[in-house]
Amino acid sequence: MRSIINILDLSAGEIDQLIAVADDIMAQPEKYNEVCRHKILATLFFEPSTRTRLSFESAMLSLGGQVIGFSGADSSSAVKGETIADTIEVVNGYADIIAMRHPKEGAPVVASMHTAVPLINAGDGGHFHPTQTLADLLTIHHEKGTFDNLTIGLCGDLKYGRTVHSLLQALSHFSPEFTFTAPDELKMPQVYKDFLKEKNIPYRETSSLTEYLDSADILYMTRIQQERFTDLVEYEKVKNVYSLNSSMLSGVKPSMKILHPLPRLQEITQDVDNTEHAYYFKQAENGMYVRMAIISYLLGKR
Ligand code: CP
């Protein structure tokens with residue numbers, strides 16, 4: 001029994017193995033049709049989701065398993081005041097594996113103290129989103145064939161963006177170079193910059209989306225997350241700070257790929273979707289394959 005709270009709970013070797021399994025699933029999906037037969041996944045989503053919940057559920061169904069769960073705190077007994085600990089103690093009796101999303105940072109750690117089955121963090125507040133990172137890594141690996149010596153631009157809400165925090169940590173196993181693009185209010189937290197310094201991984205910071213665009217191998221855009229702001233006046237100041245459109249791509253490397261965990265607002269305009277650089281919808285699809293890989297791995301069905 002093992003829980004995945006943070007991408008650093010997986011070693012570099014395990015990440016490589018999961019990416020390889022996801023690749024194999026894409027190539028030979030029929031091989032995996034019965035892998036989780038008679039197993040049940042519980043999706044406990046205390047915060048809204050489209051991709052993560054549906055891809056977890058689709059992944060388990062594609063593995064021959066079954067799915068139970070709820071898609072909002074309002075439709076669970078959390079609304080009556082039930083604690084996370086009690087919810088998990090109960091779900092232990094109903095499911096073989098749990099995927100949980102919660103708006104509070106650290107909630108999955110509390111859940112992991114009570115779970116009797118593998119538990120996967122499907123996103124906790126501004127903290128971590130390890131399975132999104134696996135989808136990001138699979139997409140990068142497909143397009144670049146390596147994680148080494150890539151210049152990765154992370155742009156947008158770098159303060160609250162759990163996907164960029166997890167991606168940065170995962171890539172620290174390799175030798176990337178980062179560019180952080182954010183307004184002053186949403187800069188990459190010092191704790192992650194210190195983490196990179198300790199590992200001698202170079203990064204540079206800017207507030208201009210165009211300043212380092214031409215050097216990027218991957219541009220990872222993110223949404224400014226209204227739901228994380230306590231003061232909406234502050235959100236209004238920064239909500240439209242970046243908007244990537246196709247005319248801004250004229251000088252970029254031909255092989256540069258744009259990723260985004262989605263949902264997007266105005267930070268990528270729709271005219272970018274039809275360019276050779278847009279990979280965010282493929283990235284969302286890849287989320288299902290890596291979730292198939294991690295579910296079968298944690299259930300010991302390799
Ligand atoms: N990328 C992601 O976490 O999307 P959802 O919020 O729709 O699950």
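Indexing begins at 1, ligand by ligand and atom by atom, following the structure's order.
- A donor-acceptor pair shorter than 3.5 Å cannot be found between the side chains of Asp9 and Asn6.
- Taking the centre of each ring, Tyr203 and Phe180 come in below the 6.0 Å mark.
- Under the salt bridge (charged side-chain N to carboxylate O under 4.0 Å, His left out) criterion, the residue pairs touching residues 177-204 are Lys193-Glu205, with sequence neighbours excluded.
- Sorted by chain and number, the residues within 4.0 Å of ligand 1 by heavy atom are Ser49, Thr50, Arg51, Thr52, Arg101, His129, Gln132, Pro261, Leu262.
- Between Arg223 and Asp157 there is no salt bridge, since no side-chain nitrogen of the basic residue lies less than 4.0 Å from a carboxylate oxygen of the acidic one.
- By the 4.5 Å heavy-atom criterion applied to side chains, Val91 and Ile98 are counted as neighbours.
- The residues Arg264 and Glu267 are annotated as not salt-bridged, no charged nitrogen and carboxylate oxygen being separated by less than 4.0 angstrom.
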